[in-house]
2 protein chains.
Amino acid sequence: MDNRARIIEVAVKLFASRGYDGVGVKELAEEAGVTKPTLYHYFGNKKGLLEELLAEKFSRINNLVKEATRYNHDLPFTLNRLVATYFNFAKNNRIFYRMQLAMAFAPVDSESNKAVSKYIKEQYEMVEDLFIQAAEDHGNMKGRHQAYAATLLGMINTYIALSLRGDRELNDELLYQAVHQFMHGIYS
Amino acid sequence: MDNRARIIEVAVKLFASRGYDGVGVKELAEEAGVTKPTLYHYFGNKKGLLEELLAEKFSRINNLVKEATRYNHDLPFTLNRLVATYFNFAKNNRIFYRMQLAMAFAPVDSESNKAVSKYIKEQYEMVEDLFIQAAEDHGNMKGRHQAYAATLLGMINTYIALSLRGDRELNDELLYQAVHQFMHGIYS
DNA sequence: AACCTATTATACCGTTCGGTATAGGAGATG
DNA sequence: CATCTCCTATACCGAACGGTATAATAGGTT
């Protein structure tokens with residue numbers, strides 16, 4: 001792993017545990033086994049490091065979400081695939097997911113939220129699109145695509161947050177339970 | 001409003017918009033029309049300000065949640081009352097709710113998350129208790145109280161977050177839709 | 001051999017950080 | 001009048017902040 005990649009990995013780790021504002025450039029460089037000028041050589045400034053980090057990591061998950069939200073007129077199947085995509089990504093990128101989640105809920109005027117919001121919005125819109133298409137097959141869902149997208153992503157992130165705290169494991173059983181609850185509620 | 005109260009209001013406002021780490025004590029004092037020594041006179045240090053602020057505000061919402069989660073063997077009624085409690089509190093304390101939400105998702109090793117987590121946990125446990133009691137009346141819900149508490153609170157916060165972004169208004173219609181979706185899913 | 005890029009080591013910049021020391025003023029209470 | 005509490009004004013502290021300048025070194029490319 002070269003220096004650039006190592007700096008990014010260290011940044012994800014430290015931002016995830018103490019936040020973007022809570023970690024200094026000096027510590028980032030030291031932890032990556034690199035000097036400050038080297039860090040500035042690659043990323044220009046602290047914000048640049050954050051942005052390049054997010055661009056790289058989000059390009060992966062957002063591509064996966066794009067594939068998973070392809071609607072084939074079988075909504076249960078698509079929802080299962082989508083939730084599975086998130087669960088798998090979160091399992092394989094625990095630290096990044098924790099970091100990204102904190103930034104998604106960070107104050108609106110903070111640098112980290114500004115940097116992350118466009119990628120979150122992309123995901124949001126892909127899921128909305130899915131429900132708009134599905135509503136053509138299920139009339140009673142019409143006009144609720146925004147609420148469905150929000151609550152599905154909210155539920156996904158709720159379960160992932162549980163797993164990040166160690167309360168639950170993101171396995172097939174939980175996946176089934178999540179999708180079933182989303183589709184049919186708690187009675188059944 | 002006296003100085004102490006004004007400092008707290010200013011702190012909520014600034015922490016909500018730029019985060020605990022993103023706001024300095026100097027700015028807090030200036031914005032409250034007070035000098036730094038005055039701020040330190042009341043709160044000892046920055047962390048003390050945060051803790052006293054949270055203690056005051058959370059004692060209100062957590063008491064409301066305690067009342068709302070009193071189970072009377074009518075789960076739909078209780079859920080409606082609980083969600084209404086959250087929606088009303090969020091409507092009347094928008095800025096605080098935004099701040100608290102950011103801190104709830106902040107990195108685990110950040111001061112703001114440490115300070116806020118015990119209050120969140122209290123809420124969580126009250127809602128879990130509700131579902132444990134309800135499971136005695138609805139056998140098929142047994143053993144899922146943790147997941148139900150997490151997803152209900154997740155959904156509540158999702159809708160409140162939507163309203164804080166201006167996408168939705170927290171009215172009776174949305175309240176009905178949220179509870180209905182939680183109980184019966186998106187099909188129906 | 002000359003050159004280029006990546007990188008080091010070190011030292012520095014101005015600013016802001018959280019926090020404190022000192023001395024004194026204003027208003028109510030005794 | 002004296003005292004007490006609250007508060008101001010100002011100035012300071014050491015440490016950390018983000019960021020830069022300089023000069024030198026090592027390794028691969030032409």
Side-chain angles (χ1 to χ4, degrees), chain A residues 1-56 99 102-103 106-116, chain B residues 1-56 99 102-103 106-116:
Chain A
M1 194 159 54
D2 65 356
N3 280 336
R4 202 190 108 98
R6 210 165 52 252
I7 292 169
I8 287 189
E9 289 313 303
V10 163
V12 170
K13 189 182 91 189
L14 292 181
F15 291 164
S17 84
R18 299 211 312 282
Y20 177 78
D21 287 327
V23 181
V25 176
K26 185 186 169 201
E27 186 182 358
L28 289 167
E30 279 173 2
E31 202 76 9
V34 135
T35 58
K36 275 211 290 176
T38 299
L39 190 150
Y40 280 91
H41 166 70
Y42 283 114
F43 303 103
N45 51 41
K46 193 187 182 185
K47 191 170 152 193
L49 165 58
L50 174 64
E51 283 167 356
E52 293 199 32
L53 177 170
L54 294 176
E56 284 190 20
M99 186 203 77
M103 292 180 173
V108 279
D109 293 334
S110 66
E111 290 212 344
S112 48
N113 181 267
K114 281 182 199 158
V116 97
Chain B
M1 193 161 55
D2 65 356
N3 279 336
R4 202 191 107 98
R6 211 165 51 251
I7 292 170
I8 287 190
E9 288 314 302
V10 163
V12 170
K13 190 183 92 187
L14 292 181
F15 290 164
S17 83
R18 300 210 311 282
Y20 177 78
D21 287 326
V23 181
V25 176
K26 185 187 168 202
E27 187 182 355
L28 289 167
E30 279 173 2
E31 202 76 10
V34 135
T35 58
K36 275 210 291 177
T38 300
L39 191 151
Y40 279 91
H41 166 70
Y42 283 115
F43 304 103
N45 52 39
K46 191 186 181 186
K47 191 171 152 191
L49 165 58
L50 174 64
E51 281 167 356
E52 293 198 31
L53 178 171
L54 293 177
E56 285 190 18
M99 186 203 75
M103 291 179 172
V108 280
D109 293 334
S110 66
E111 291 211 343
S112 48
N113 182 267
K114 281 182 198 157
V116 98

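Values below: every heavy atom of this structure, side chains too, minus hydrogens, waters and symmetry copies.
Spacing between atom OH of B:Y40 and atom P of D:dC6 amounts to 19 Å, rounded to whole angstrom units. Between the C1' atom of C:dG18 and the CD atom of B:E111 lies a distance of 11 Å, rounded to the nearest Å. Regarding A:F43, its CZ atom lies at a distance of 16 Å from the C1' atom of D:dG19, rounded to whole Å. If you measure from atom CG of A:L49 to atom P of D:dG19, you get 10 Å, rounded to the nearest angstrom. Between the CG atom of B:L39 and the C1' atom of C:dT20 there is a distance of 13 Å, given to the nearest Å. As a whole-Å value, the separation of B:R6 CZ from D:dC6 P is 16 Å.
Checking B:H41 against A:N45, the closest nucleotide of DNA chain D that is more toward the 5' end is the one next to B:H41. Where B:N3 and B:K36 meet DNA chain D, the nucleotide closest to each residue was compared, and B:N3 sits on the side nearer the 5' end.
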Apply the test side-chain contact (heavy atoms from CB on, under 4.5 Å) to residues B:T38 and B:T35: give CA-CA distance (whole Å), side-chain angles for both, the deciding distance (0.1 Å), then the verdict. CA-CA 5 Å; B:T38 300; B:T35 58; 3.2 Å; yes
I'd like to know whether B:M99 forms a side-chain contact (heavy atoms from CB on, under 4.5 Å) with B:L54, so could you lay out the CA-CA distance, the side-chain angles of the two residues, the decisive distance to 0.1 Å, and finally the verdict. CA-CA 10 Å; B:M99 186 203 75; B:L54 293 177; 3.7 Å; yes
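With rounding to the nearest 0.5 angstrom, the CG atom of B:D21 is 7.5 Å from the CD atom of B:E111. Distance check, rounded to the nearest 0.5 Å: CZ of B:R4 to NE2 of B:H41 gives 10.0 Å. Annotation: the span from B:E27 atom CD to B:K36 atom NZ amounts to 12.5 Å, rounded to 0.5 Å. The CD atom of A:E52 sits 5.5 Å away from the CZ atom of A:F43 when rounded to the nearest 0.5 Å.
Within the 4.0 Å cut-off from OP1 or OP2 of C:dA9, not a single side-chain nitrogen or oxygen of A:T35 is found.
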Any chance you could list the contact pattern along nucleotides 21-27 of chain C? Use B for base contacts, S for sugar-phosphate-only contacts and - for none, protein heavy atoms under 4.0 Å, 5' to 3'. B------
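Contact annotation: side chain of A:K46 to base of D:dG19, donor-acceptor pair absent below 3.5 Å.
Across all strands, A:G33 comes closer than 4.0 Å only to sugar-phosphate atoms, never to a base (heavy-atom distances).
In summary, of the residues considered (B:L28, B:L49, B:N3), a side chain to side chain contact (heavy atoms under 4.5 Å, CB included) with B:I8 occurs for B:L49 alone.
Closest approach of A:A32 to A:R6, counting heavy atoms only: O-NE, 3.2 Å. Looking at every heavy atom in both residues, A:S112 comes nearest to A:Y20 through CB-CB, 4.2 Å.
Applying a 4.0 Å cut-off to non-hydrogen atoms, none of the residues of residues 10-32 of chain A approaches DNA chain C.
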